[in-house]
Number of protein chains: 2
Amino acid sequence: MAEIKFEIQKSIGAISESAKGWKKELNLISWNGREAKYDLRDWAPEHEKMGKGITLTTEELKKLRDLLNNMEL
Amino acid sequence: MAEIKFEIQKSIGAISESAKGWKKELNLISWNGREAKYDLRDWAPEHEKMGKGITLTTEELKKLRDLLNNMEL
């Protein structure tokens, strides 16, 4: 499997943690040296392994924020 | 490939749309008849095809909302 290089440029925060210590985190990440994107993903402790996740643009985060603020959570 | 059954119980909204009409949507979805979860995912028009995405609990959405409200977007 090809290597994926990533650099976490900014840790925004974690939104949950599993019993095994994996955290679902929002970060600003540069993948393979490309321009950094926001990324919502599961991570093992110390970012040793990554789970599935999605990347999001600033514009998408704004829209998501607005949707969430209009929900009764 | 095994069939995945899903029922979109609530459409919260879309946060972006690609040139080909795929939308990144936040929905409340029941997968294979199980209890519905929030789901952030890319969808083709009419929900004919789905892209990658993640499921989120109500608690995770609350934390995500709070993180986003504290960012300068």
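Only heavy atoms go into these numbers, but all of them, side chains included; no hydrogens, no water, no symmetry mates. In the text below, chain A, chain B and the rest are named by the order of the sequence lines, each starting its count at 1.
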Heavy-atom closest pair (A:Leu40 atom, B:Leu64 atom, distance to 0.1 Å) is CD2-CD2, 4.1 Å

To see if you've got the definition right, give the donor-acceptor pairs under 3.5 angstrom between chain B and chain A.
from    : atom 1 : to      : atom 2 : distance (Å)
B:Ser16 : OG     : A:Glu60 : OE2    : 2.6
B:Lys24 : NZ     : A:Thr55 : O      : 3.4
B:Lys24 : NZ     : A:Glu60 : OE2    : 3.4
B:Thr55 : O      : A:Lys24 : NZ     : 3.3
B:Glu60 : OE2    : A:Ser16 : OG     : 2.6
B:Glu60 : OE2    : A:Lys24 : NZ     : 3.4
B:Asn69 : OD1    : A:Asn69 : ND2    : 2.9
B:Asn69 : ND2    : A:Asn69 : OD1    : 2.9

Here the gap from A:Leu68 atom CG to B:Ile12 atom CD1, rounded to the nearest 0.5 Å, amounts to 9.0 Å

Applying a strict under-4.5 Å side-chain criterion to I, L, V, M, F, W and Y, I'd like to know whether A:Leu67 and B:Met71 cluster together. yes

ring-ring contact (aromatic ring centres under 6.0 Å, His included) pairs touching residues 52-73 of chain A, sequence neighbours excluded, are none

Does A:Met50 share a hydrophobic cluster with A:Leu56, counting links as ILVMFWY side-chain heavy atoms below 4.5 Å and allowing steps through other members? no

So, the part of B:Leu26 with a heavy atom under 4.5 Å from chain A: the answer is side chain

Q: Indicate, with yes or no, if B:Phe6 and B:Leu28 share a hydrophobic cluster defined by side-chain heavy-atom contacts under 4.5 Å among Ile, Leu, Val, Met, Phe, Trp and Tyr.
A: no

Joint hydrophobic cluster, B:Leu73 plus B:Leu61, side-chain heavy atoms closer than 4.5 Å:
yes

